[in-house]
Engineer: 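Next up is a structure, given as structure tokens.
For reference, positions follow the sequence shown, starting with 1. Because the structure is a prediction, the values reported are computed rather than measured.
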Amino acid sequence: MRYSLTEGEKRMSAVHGIRRHRRRLHGAAAGFAVAVLCAVPAASAAAEGGAGGVKPTVVLVHGAFADGSSWNGVITRLQQAGYPVIAPANPLRGLASDAAYIHSVLKSVHGPVVLVGHSYGGSVISEAAVGDAHVKALVYVAAFAPAEGESSLELSNKFPGSTLGPTLKNVPFPLPGGGTGTDQYIKADKFHDQFAADVPRSVTDLMAATQRPVAASALQEKATKAAWKTIPSWTLITTEDRNIPPASQRFMAQRAHAHTVEVKASHAVAVSQPGAVTRLIEQASQAAGTTTTAADPSGPTLANTGSGRQTTHAITLGSAAAVSVAAGSVVVLLGRRWRSENSGR
């Protein structure tokens, strides 16, 4: 005996059918929403990577009378921008040995490197980078960039303006092979005015107490290599510097054909103006071809930074919009198909 549905049962069946199709549509919409959420970060990552791919590791080398914490403001900004950062302790014992140590640090880094030196750290990176193909850019921050046969002390005295000598305190220390060496500190009561006149005294009091001394022989040791002759370089010149005269900084920058910016700051510019230092490092990274966005290598300016992030945001938003349109189109097609299947019922 054949059973036929009553009118009430037919209506209930239709209602259940509608609910099933609604659930399918909702499932499809949810699936495409997940696709949008997954596609946006992927698009952003692709925009960041692009042809250049991974951002370089920035290696920050401090100079005399400082330590790695002098880069803290720069490190924070670079990390927020997505850069891996290392700020190794510079031994400050001798130019050749310090450079060898930093060279060993560079060998532990995978991928491209932007190597940055402050003050005497500039002399160190000039030797440490020689022969390392991963170092794509050198950045000198109120730093020495000696040629072969020159010492940091010689370059400091090449032009008038340094007042460092009278502020130094000499402390003897035993040498490993016998004999006595001389460590040099900046006297605590002279530290603010000499080293960091544009930094609050509450900060410079701590800097003076934690300063790393430099062996006097390290400042007198002559360079044997000069990486800036073969690696593109950038220089930040501090016009209020009392350690390295601005004229000396300009001389070294011009000789190295460095891309140069000048900042009204003391020798401790990484502490007083970390934003300016960070922007120059980012420009060196971009212009050297180690990141997706390339600045003009003929002369980057601080005003040019940020365009890479704007491009990334535009690509990300465009990708999200495209995925959203695709999701909406599929949902509409599913709806039309359902109506077509049920039009004859």
Engineer: To the nearest 0.5 Å, what is the distance between CG (Leu175) and OG1 (Thr180)?
Structural biologist: 6.5 Å

Engineer: Is any side-chain heavy atom of Pro213 closer than 4.5 Å to one of Phe65?
Structural biologist: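 When only atoms from C-beta onward are counted, Pro213 and Phe65 do not touch, as no gap falls below 4.5 Å.
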
Engineer: Can a donor-acceptor pair be found, under 3.5 Å and without considering hydrogens, that links the side chain of Glu127 to the backbone of Val124?
Structural biologist: no

Engineer: Kindly give the heavy-atom pair with the smallest separation between Phe173 and Thr182, and that separation in Å.
Structural biologist: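 Closest heavy-atom pair between Phe173 and Thr182: CE2-N, 3.4 Å.
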
Engineer: Report yes or no: does Ser248 contribute a side-chain atom to a donor-acceptor pair with the main-chain N or O of Ile244 at less than 3.5 Å?
Structural biologist: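 Checking the backbone N and O of Ile244 against the side chain of Ser248, no donor-acceptor pair under 3.5 Å is found.
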
Engineer: Could you tell me which non-hydrogen atom of Gly117 sits nearest to which non-hydrogen atom of Ile125, and how far apart they are?
Structural biologist: N-CD1, 3.5 Å

Engineer: Leu164 vs Ile186, test: side-chain contact (heavy atoms from CB on, under 4.5 Å). Steps then yes/no.
Structural biologist: CA-CA 8 Å; Leu164 178 62; Ile186 297 179; 3.9 Å; yes

Engineer: Could you give the distance from CD (Gln211) to CD (Gln184), rounded to the nearest 0.5 Å?
Structural biologist: 11.0 Å

Engineer: Between the main-chain N or O of Val199 and the side-chain N or O of His192, is there a donor-acceptor pair closer than 3.5 Å?
Structural biologist: yes

Engineer: Are any of the side-chain heavy atoms of Met207 and Phe191 separated by less than 4.5 Å?
Structural biologist: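 Result yes, sub-4.5 Å side-chain heavy-atom pair found.
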
Engineer: Could you tell me whether the side chain of Ser156 and the main chain of Pro245 form a donor-acceptor pair under 3.5 Å?
Structural biologist: no

Engineer: How long is the straight-line distance from CZ of Arg242 back to OG of Ser162, given to the nearest 0.5 Å?
Structural biologist: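 Output value for this atom pair is 11.0 Å.
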
Engineer: Are Val139 and Leu236 packed together at the side-chain level, in the sense that at least one heavy-atom pair is separated by less than 4.5 angstrom?
Structural biologist: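 Not in contact.
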
Engineer: State whether the side chain of Asp98 and the backbone N or O of Leu92 hold a donor-acceptor pair below 3.5 Å, judged by distance alone.
Structural biologist: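 Indeed, once roles are kept as given, a pair shorter than 3.5 Å links the two residues.
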
Engineer: Indicate whether the side chain of Ser266 and that of Asp198 have a donor and an acceptor atom separated by less than 3.5 Å.
Structural biologist: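 Per modelled atom types, Ser266 and Asp198 side chains form a pair under 3.5 Å.
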
Engineer: Let me confirm one number: the CG-CG distance from Leu219 to Leu155, rounded to the nearest 0.5 Å.
Structural biologist: 11.0 Å

Engineer: Set out, in order, the CA-CA distance, both residues' side-chain angles and the distance that settles side-chain contact (heavy atoms from CB on, under 4.5 Å) for Lys187 and Leu168, then state yes or no.
Structural biologist: CA-CA 6 Å; Lys187 298 171 185 176; Leu168 294 177; over 6 Å; no

Engineer: If you apply the rule salt bridge (charged side-chain N to carboxylate O under 4.0 Å, His left out), what do you find for Glu154 with Lys222, and how did you get there?
Structural biologist: CA-CA 9 Å; Glu154 177 185 342; Lys222 296 183 182 299; 3.7 Å; yes

Engineer: Got a second to check how far His267's NE2 is from Asp241's CG, nearest 0.5 Å?
Structural biologist: 5.5 Å

Engineer: So, does Ser126 use its side chain to make a donor-acceptor pair with the main chain of Gly122 at under 3.5 Å?
Structural biologist: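 Side chain of Ser126 to backbone of Gly122: a pair is present.
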
Engineer: Are Trp234 and Leu138 packed together at the side-chain level, in the sense that at least one heavy-atom pair is separated by less than 4.5 angstrom?
Structural biologist: no

Engineer: So which heavy atom on Gln194 is nearest to which on Thr163, and how close?
Structural biologist: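 Between these two residues, the closest heavy atoms are OE1-OG1, 2.7 Å.
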
Engineer: Mind checking the CG-OH spacing from Leu95 to Tyr120? Nearest 0.5 Å is all I need.
Structural biologist: 4.5 Å

Engineer: Give the intermediate values and the outcome of salt bridge (charged side-chain N to carboxylate O under 4.0 Å, His left out) for residues Glu150 and Arg255.
Structural biologist: CA-CA 13 Å; Glu150 293 178 338; Arg255 180 176 62 181; 2.9 Å; yes

Engineer: Using the benzene-type ring in the case of Trp, are the ring centres of His134 and His110 under 6.0 Å apart?
Structural biologist: no

Engineer: How far apart are the C-alpha atoms of Gln249 and Gln254, what are their side-chain angles, what is the distance that settles it, and do they pass the side-chain contact (heavy atoms from CB on, under 4.5 Å) test?
Structural biologist: CA-CA 9 Å; Gln249 296 180 48; Gln254 291 168 3; over 6 Å; no

Engineer: For Gly82 and Lys55, which heavy atoms make the closest approach, and how far apart are they?
Structural biologist: O-CD, 3.8 Å

Engineer: Under 4.5 Å between any side-chain heavy atoms of Glu262 and Thr239, yes or no?
Structural biologist: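 Of all side-chain heavy-atom pairs linking Thr239 with Glu262, at least one is under 4.5 Å.
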
Engineer: Can you check whether Pro146's main-chain N or O pairs, donor with acceptor, with Trp228's side chain at less than 3.5 Å?
Structural biologist: yes

Engineer: Among Arg212, Arg93, Lys169, exactly one meets salt bridge (Lys or Arg N to Asp or Glu O under 4.0 Å) together with Asp183. Which residue is that?
Structural biologist: Arg93

Engineer: Please determine, by modelled atom types, if Thr260 and Thr235 share a side-chain donor-acceptor pair under 3.5 angstrom.
Structural biologist: no

Engineer: For Lys136 and Ile231, indicate whether the former's side chain and the latter's backbone hold a donor-acceptor pair under 3.5 Å.
Structural biologist: no

Engineer: Scan Leu106, Val58, Thr57 and name whichever one has a side chain to side chain contact (heavy atoms under 4.5 Å, CB included) with Leu115.
Structural biologist: Leu106

Engineer: For residues Val105 and Val61: do they belong to one hydrophobic cluster (side chain heavy atoms under 4.5 Å, members Ile, Leu, Val, Met, Phe, Trp, Tyr)?
Structural biologist: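 Yes; tracing contacts between hydrophobic side chains, which count when under 4.5 Å, links both residues.
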
Engineer: Under 3.5 Å, is there a donor-acceptor pair between the side chain of Ser151 and the main chain of Glu221?
Structural biologist: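 A pair under 3.5 Å: no.
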
Engineer: Aromatic rings Phe195 and His118: how do their planes relate, parallel, tilted or perpendicular, breaks at 30° and 60°?
Structural biologist: perpendicular

Engineer: Applying the side chain to side chain contact (heavy atoms under 4.5 Å, CB included) test to Val85, which of Ile75, Val114, Val116 qualifies?
Structural biologist: Ile75

Engineer: Check whether any side-chain N or O of Asn90 sits under 3.5 Å from a backbone N or O of His62 as a donor-acceptor pair, and report yes or no.
Structural biologist: yes

Engineer: For Phe144 and Ser152, which heavy atoms make the closest approach, and how far apart are they?
Structural biologist: CE2-O, 3.2 Å

Engineer: Linking I/L/V/M/F/W/Y whenever any side-chain heavy atoms sit under 4.5 Å apart, do Met252 and Val261 land together?
Structural biologist: no

Engineer: Taking all non-hydrogen atoms of both residues, which atom of Ala276 and which atom of Val263 are closest, and how far apart?
Structural biologist: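 Heavy atoms of Ala276 and Val263 come nearest at CB-CG2, 4.3 Å.
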
Engineer: Using the side-chain contact (heavy atoms from CB on, under 4.5 Å) rule, take Arg201 and Asp193 through it: C-alpha gap first, then chi angles, then the decisive distance, then the call.
Structural biologist: CA-CA 9 Å; Arg201 284 189 180 274; Asp193 292 348; 3.4 Å; yes

Engineer: With a 4.5 Å cut-off on side-chain heavy-atom distances among I, L, V, M, F, W and Y, is there a chain of contacts connecting Tyr101 to Ile86?
Structural biologist: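 Linked within one cluster.
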
